[in-house]
Amino acid sequence: MKAKFLPFLLLTVLLQVSMFSYADEMVTARQIKLRTKTQVQHRSIPVSPDAFIENSLLTIDLLSTVPTVTITIKDAETEEVVYTSTDVNVDKVYIDLAGEEKGKYTLEIQLPKEAFIGDFELD
């Protein structure tokens, strides 16, 4: 009986440890609420990208591959552009903002037919 119980106990403990470490990683990521900056001219269901900030790493999931996307990040108080980039044929964009100061920023995402804007804060 002890021979069967010990491997089961070890497996249970290992699964618990891996679940807790995974949960800790996801707690620090915050979603950026994006709103449409342009009027949608078609009747299809609008699909907006997802954006998350985790420490200084900004992740933008466009949900499908787009031909071009322009990302602009501005200081929310001064309107100074701190980052701009145009990427081709991407579905996810990762931006490291480690060199930027703590504060509030504005994220602008320009797709071929739509534009989105959202605010976030660097801690």
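- To the nearest 0.5 Å, atoms CD (E77) and CD (E79) are separated by 10.5 Å.
- Nearest heavy-atom pair across A115 and Q110 is CB-OE1, 3.3 Å.
- At distances below 3.5 Å, at least one donor-acceptor pair connects side-chain atoms of R30 with backbone N or O atoms of E121.
- With hydrophobic clusters built from ILVMFWY side chains whose heavy atoms lie under 4.5 angstrom apart, V82 shares a cluster with I32.
- One finds the CG atom of D123 at 8.5 Å from the CG atom of N55 (value rounded to the nearest 0.5 Å).
- Side-chain heavy atoms closer than 4.5 Å link hydrophobic residues (I, L, V, M, F, W, Y) into clusters, and following such links, even through other members, never connects F52 to I71.
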Step by step, would you call I73 with V81 a side-chain contact (heavy atoms from CB on, under 4.5 Å)?
CA-CA 6 Å; I73 300 172; V81 175; over 6 Å; no
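- Rounded to the nearest 0.5 Å, atoms CZ (F120) and CG (L107) are 6.0 Å apart.
- In this structure, the separation between OG1 on T78 and OH on Y105 is 8.5 Å, given to the nearest 0.5 Å.
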Criterion salt bridge (charged side-chain N to carboxylate O under 4.0 Å, His left out) on E108 and K74, from CA distance to verdict
CA-CA 8 Å; E108 296 179 4; K74 296 179 182 177; 3.5 Å; yes
What do the steps show when you test I95 against Y83 for side-chain contact (heavy atoms from CB on, under 4.5 Å), and what is the final call?
CA-CA 9 Å; I95 303 167; Y83 177 88; 3.5 Å; yes
Less than 3.5 Å apart, which donor and acceptor atoms pair up between the side chains of residues 57-70 and the rest of the protein, not counting sequence neighbours?
unit_1: D61; atom_1: OD1; unit_2: L63; atom_2: N; d: 3.0
unit_1: T70; atom_1: OG1; unit_2: T86; atom_2: OG1; d: 3.1

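- If you take CG on D50 and CD on Q31, they are separated by 5.5 Å, rounding to the nearest 0.5 Å.
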Could you go step by step and tell me if S48 and T36 meet the side-chain contact (heavy atoms from CB on, under 4.5 Å) rule?
CA-CA 8 Å; S48 65; T36 305; 5.7 Å; no
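- Ion pairing between D87 and K92 fails under the 4.0 Å rule for side-chain N and carboxylate O.
- Residue L122 is grouped with residue L34 when hydrophobic side chains (ILVMFWY) are merged at heavy-atom distances under 4.5 angstrom, including chains of intermediate members.
- In this view, D119 and R35 satisfy the salt bridge (Lys or Arg N to Asp or Glu O under 4.0 Å) rule, not counting sequence neighbours.
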